[in-house]
Structure formats: C-alpha cells, structure tokens
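Shown next, in structure tokens, is the structure this report addresses.
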Amino acid sequence: MTSVLALYRDHDALINMSSNQQPTLIIRRLSVDEYVLPKIHTKKIKRVNSERKPFSINPFPKLGTGHGVYVFENQYFKYEGEWVKGKKHGFGKLLLKDGTYYEGQFNQGEITGTGFKFFSETKCKYKGQFLKGEMHGRGIMEFPDSSEYEGNFVHNRKNGYGVMRTPLTQYDGGYQGNMRHGEGRMVYAPMRYDKTSNGDRYEGYWVADKRHGPGVLHCADGSIFDGNFDNDEFHGHGLYRHISGVIYDGMWLKGFPAKMASKLHIVVENTPMVIRQGTPFTITVQCLNDENEVVGDEGREIQITAGFKYYQPSKGSALFDMIEDVEDKPIDTPFGYQVVHYPLTNQEQENDGPSEEDEEQELSQSQTQLDLKEDEDENQNNKEEETKEGEDGEKLTENEKQDEEKDDGVDNSGGGVEEADEIPNNTTTETESVPLPPPVPNCRSEEGVCVWSDVYLAPAPPMYRPFVAMEEAENDKKSSSRGKPAINKDDRRSSIGNIDRRGSVNKVDKMRRQKEKALEEKYAKTGEYVLMVHDVTNPPFLGRTIEPAFLLLKLKRPEAKKRTKKEGKKWDTSQHIRRSMVATEGSED
C-alpha cells in the first residue's frame, strides 16, 4: 500500500489505522524544511523605476538621479539634463525631431518654471514662464517679422495685460484669448505708400480684437473722434472734429452721421431772384439731407460764385482764335445752358456817378439840342434839293449812304449832325483799367446754415468773353437784316426828309447806349445771371462732397426815384392887401 501524507493544523492528532484495514493511512508531522506550497503560475509584473531604456546613449545615473542624456522610445524626443529619481527635474534641454526645442527648468518630469522655447514651424521664440509644458505667466514672444509681445500668457495664449509691437503698430492694453480685449491704446505707424498704416492713435475699449465701446481716435491728419465705437466703426453718440473744420456732434450709424448733409439749398422767396444794379442783396444757403432736413454740422466751407451764359464764338473771330488759351471752362447748369464765371464781390460799390434824375435831365437837354440841329439840317437839305433836282440818282445814293452811316451811329459827311455825336462832359471816352474787386470769401456753416450779406455783381472785366461773343452775334444779325428795299423816285423827297430825323433819333439812342455803357463800366450789365453754390470743404468731410445749388438772377436797372414837387410859398392874400394899402397911402401923400 502507498502511504499518503496529510498535514493538519493539530499536529498532535494522529490517526492510526489497524493493520487489518486496507489500505492503511499513515499521517506524520512534517518539519519546517519539508513545508512546500503549491506552485501558482502568474505573469511577472515589472516595476518601472525610471525612464531608462536599454538603448540609452549614456549610462543612466545611478538610482535615476544626476545628469544624463536620454532618447525616448519613439526617438522623437531627446532630453539632456538633470534627473531626480528617474524623472526630469532641474535644468535641462528637450529637443524635438522637427527642430523645436526647450531649454529651461523642469519639475517632476514637466516643463515648469522659467525657460526658452524655439518653434521651428513659425520661427517664433519665447522666453518666460511655463506651467506643465505651456506658456503661462509673464513672457516675451518674438516673431520672425521683428514683432514682439511682452506680457501675460495663460495656456499658451496672450491673456491679461501686454504690449504688442509690430513694424506698423504698437498696442498697450488688455488681452483675452490671444485678442485685444478691454481697455487699451493703439498707435499706428505713419502713413505708408501701400496704405497699410495711417498714423492714427486710438485710446479706448476693445472687444475681440476690434474697437468697441467708448474711445478717442486721433487721426494722423489732425481729426479727432470722441465717442462710441461698434465693430471698429463710429456708432452711437460721438463728437467728430474734422481737419477741414467741420464739427459734427450727434448720433452715428455704421461710420457715418445719422443725419448726413447731401445737398445745398438756396433760400429764396421767388425764382428767378430779381436784383437791381448797384443794390446789394443777401443769400442764405442751407445744408440739407435727403429728407430735406437741415443738418446741424458746423464749419463746412461753402463757396458762392456767379456765372453768365456762355456763347460759343464763331469761327474766324478774334475771340475764337484765343479761346484755346482760356483756362476758365464752361460750367453745366440745370437751366439748359452753360455758364462761365462772372465776378461777384461783397465790396461796397461807390456811387459817385450822376443820379438817375440827372441822367434823365441830361438826356432831355441833349434831345433838345438834337431837335435844333435837325431843323437846321432840314432847311439846308431842302435848299440843296431845290438847286440840285437834276442829280436825283447821285443825291439818292449819297443820302442812302448817309442814312446807313447814321444807323450805325457814324457820320462822315461833315454836317451839323456830327456835332450831336459829342459825348456829354460827365461821360468818359477812354476806359481806364480798373482792377477786379476781391471775390466773395467762402463761408463756414453754423448749424448747417451760411449767410452772405451785401453781395454785388461786379462790373465785367475788360473783354469779357461772353459779352464780346454776344455783341458779335448781335452785329451779325444787324448786318444780315440791313438790306433795304429800293426807294422809288416818287418817294424820294419823303425818304430824304426823314433821313435827318432818323439820324437824330439814332443819335439819341446812341447817347443812351453810351450812357448804358458808362453804367456798365460802373455796374454789371443788365440781364440774366446764374448764382452757384458749391461745397469746397478740403479735404471733403468723410470723403463726401455734397451736391451744389443753382439760382437764376435777373439784374435790372435801379428803380426810378419818385420826384417830389417842391412846395413854394403859399399866397398870403391879407399880406398882399396890406402891402397894397401901404403903397396907396404913400402915393396919396
């Protein structure tokens, strides 16, 4: 029989089996050396004591502490520096296979502390604080375009206060999530040829890298905006002082005033406006928007000028030959024709000439003299007619020639009518060159309104082209209509008798024309003019020039003054009787 050993906790208990029983179990007490546990098959777990691998370049520091060089298993990272208990700790350098590297402090295997990092992909360089491998805290980031950020970082992003310097800008203020956020100050570089910078300066609030909220913008040209911004645009209430002198204080919508002037309007009761020679007039201009509301901006520069109808000179005339050298180009008007500038001034015109009453009296005296001459000439012509009846054809021809000359205001016959051509003493035969008066100065708007007072149409300059062209056209019409029908012999006497009378009348008309010409040298010529108003704000306010305005002017002669009869002494009958009685008593004595 085979003996079987069994182990019990109670070693004193032994069971003896009788020899008669089959089989027989024999149990005995085992010694300590014979004590064996059953074998259990388990996987062996190795404890990782360090990052050392069999392919380390240098032997790993004993017990994982000290200085060593280690290449990680994926061979993408390489560390050279201090170790403590198998972890990177202290100062070291971690290199990546793409060229990026970090050199600085490590703590318990993590990049934590102060260090320097180079980014191979962006070529950026960072020097500052790190936390668990991220840029966190104060630091300086240098960019390949020579830009530089110095400030606070949170989880690899610019966050908090910082200063960002670029070749075109410098920002000093708050950041959030790598974008300008909060209160900050931005200074732009001076104007560049490629317009990438404009030289402005902004101080105010930012949201998501854009100007948002209250702020002040100082433009490089001197303009200043103090108000609210929204998405980098003027929006809300704001005060804008433009470099041109325009001031707008009010509401803004997406970069422009809520009420933006778009056109000019001349305030007038009647159209056309009637003015008188030598009499000043007043012009009021309003700046309106599309809804015809007055826009209350300040300082807009408005120019007022006048124009006269442009006449195209005929070919062959002296005016046509010199027209190419003229710089003053015709201006389009809404009245169906073009105009050229006419002098407008606010300089007071001295009225040192004769009054209208004196002119009428002078013309009356001249007319009386012409009537006397007509009588003398008529008697003389009648005698010549009786003695030279046989020379009808030649006489008729001579009289017709004289008639034409008298129609033209010229008398070369040497007769008495020539004496009537003498110009009155108070008129000048030679036109003195008088300098043009200064133009009306531009006006700055006040609450959207401009007013010019005491404005005159100045006398025309010498050889004013529209007047010369107009006279040429009138002379051409006269010359074309000068062809007269032949005179019958039966009507010869009546026609000859009317020659001198017509000549005398023409002389009166000539005198009137001479008087009008003298007035034109002193005042503007009567007729139709155009008043023009333009926005000449420079530079244009917000890049916009508002539409001009035009007004027709009718210039007429001065109104005739009513003559007041001089009241003589009243007839005193009682006084007359008293004087008669005194005279009678004296005679009786």
Side-chain angles (χ1 to χ4, degrees), residues 266 268 271-279 281 283 303-345 349 404 407-410 430-440 455-483 506 509-510 512-534 547-558:
I266 303 175
V268 63
T271 303
M273 182 178 178
V274 178
I275 57 178
R276 300 285 179 176
Q277 283 180 326
T279 303
F281 58 95
I283 293 297
Q303 181 188 58
I304 180 172
T305 57
F308 192 81
K309 186 176 181 179
Y310 172 70
Y311 286 85
Q312 181 70 31
S314 57
K315 291 185 178 181
S317 64
L319 189 62
F320 182 81
D321 296 336
M322 62 180 292
I323 198 67
E324 294 182 356
D325 299 332
V326 177
E327 296 181 359
D328 193 6
K329 301 299 181 182
I331 303 171
D332 294 328
T333 67
F335 308 118
Y337 57 84
Q338 293 179 321
V339 297
V340 291
H341 281 105
Y342 187 88
L344 188 71
T345 182
Q349 297 175 330
E404 292 180 359
D407 289 341
D408 294 338
V410 180
E430 296 182 1
T431 303
E432 298 180 356
S433 58
V434 180
L436 292 178
V440 179
V455 181
Y456 299 84
L457 286 171
M463 294 299 294
Y464 183 58
R465 294 190 307 279
F467 288 174
V468 175
M470 185 173 59
E471 290 176 359
E472 287 182 355
E474 291 178 355
N475 292 335
D476 292 342
K477 289 182 180 179
K478 287 182 179 180
S479 61
S480 62
S481 61
R482 191 169 287 174
N506 290 336
D509 292 340
K510 184 179 179 180
R512 291 186 181 276
R513 288 197 296 270
Q514 289 173 344
K515 296 299 297 182
E516 290 180 358
K517 185 176 181 181
L519 289 175
E520 290 173 6
E521 293 175 359
K522 183 178 177 182
Y523 304 113
K525 182 183 180 68
T526 57
E528 184 178 270
Y529 296 80
V530 176
L531 191 70
M532 300 173 288
V533 182
H534 290 84
E547 298 178 1
F550 299 87
L551 176 66
L552 278 178
L553 296 178
K554 291 285 187 179
L555 181 62
K556 295 185 178 182
R557 293 287 302 276

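For clarity, every value in this text was computed on a predicted model and none was experimentally measured. Hydrogens, waters and symmetry mates are skipped; everything else that's a heavy atom, side chains included, is used.
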Decide yes or no on side-chain contact (heavy atoms from CB on, under 4.5 Å) for Q338 and I331, but give the supporting numbers first. CA-CA 5 Å; Q338 293 179 321; I331 303 171; over 6 Å; no

Run the side-chain contact (heavy atoms from CB on, under 4.5 Å) test on L457 and K525 for me, step by step, so that the C-alpha distance in whole Å, both residues' side-chain angles and the decisive distance to 0.1 Å come before the verdict. CA-CA 9 Å; L457 286 171; K525 182 183 180 68; over 6 Å; no

Between Y311 and F467, does the ring pair (Phe, Tyr, Trp, His ring centres under 6.0 Å) criterion hold? Intermediate values first, please. CA-CA 8 Å; Y311 286 85; F467 288 174; 9.0 Å; no

Kindly determine whether I275 and K556 satisfy side-chain contact (heavy atoms from CB on, under 4.5 Å), including the steps that lead there. CA-CA 6 Å; I275 57 178; K556 295 185 178 182; over 6 Å; no

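Under the 4.5 Å side-chain criterion, counting only non-hydrogen atoms from C-beta, V340 is in contact with Y464. The shortest distance between side-chain heavy atoms of P439 and P343 does not fall below 4.5 Å. Residues L553 and V530 have side chains not in contact (no heavy-atom distance under 4.5 Å, counting atoms from C-beta outward). Contact of the L344 side chain with the Y456 side chain is not registered, since no non-hydrogen atoms from C-beta on lie closer than 4.5 Å.
The line from CG of L552 to CZ of F335 is 4.0 Å long, rounded to the nearest 0.5 Å. Taken from OG1 in T305 to OH in Y342, the straight-line distance is 13.5 Å, to the nearest 0.5 Å.
The aromatic ring centroids of Y310 and Y337 lie 6.0 Å or more from each other.
Distance alone, capped at 3.5 Å, is enough to place a donor-acceptor pair between the T345 side chain and the P438 backbone.
Note on K554 versus E528: salt bridge recorded, some NZ/NE/NH1/NH2 to OD/OE distance being below 4.0 Å.
Counting all heavy atoms, side chain and backbone alike, M532 lies closest to V339 at SD-CG2, 3.9 Å. Here the shortest heavy-atom pairing between Q277 and T526 reads NE2-CG2, 3.5 Å.
A side chain to side chain contact (heavy atoms under 4.5 Å, CB included) with F550 is found for exactly one of L531, T333, V533, namely T333.
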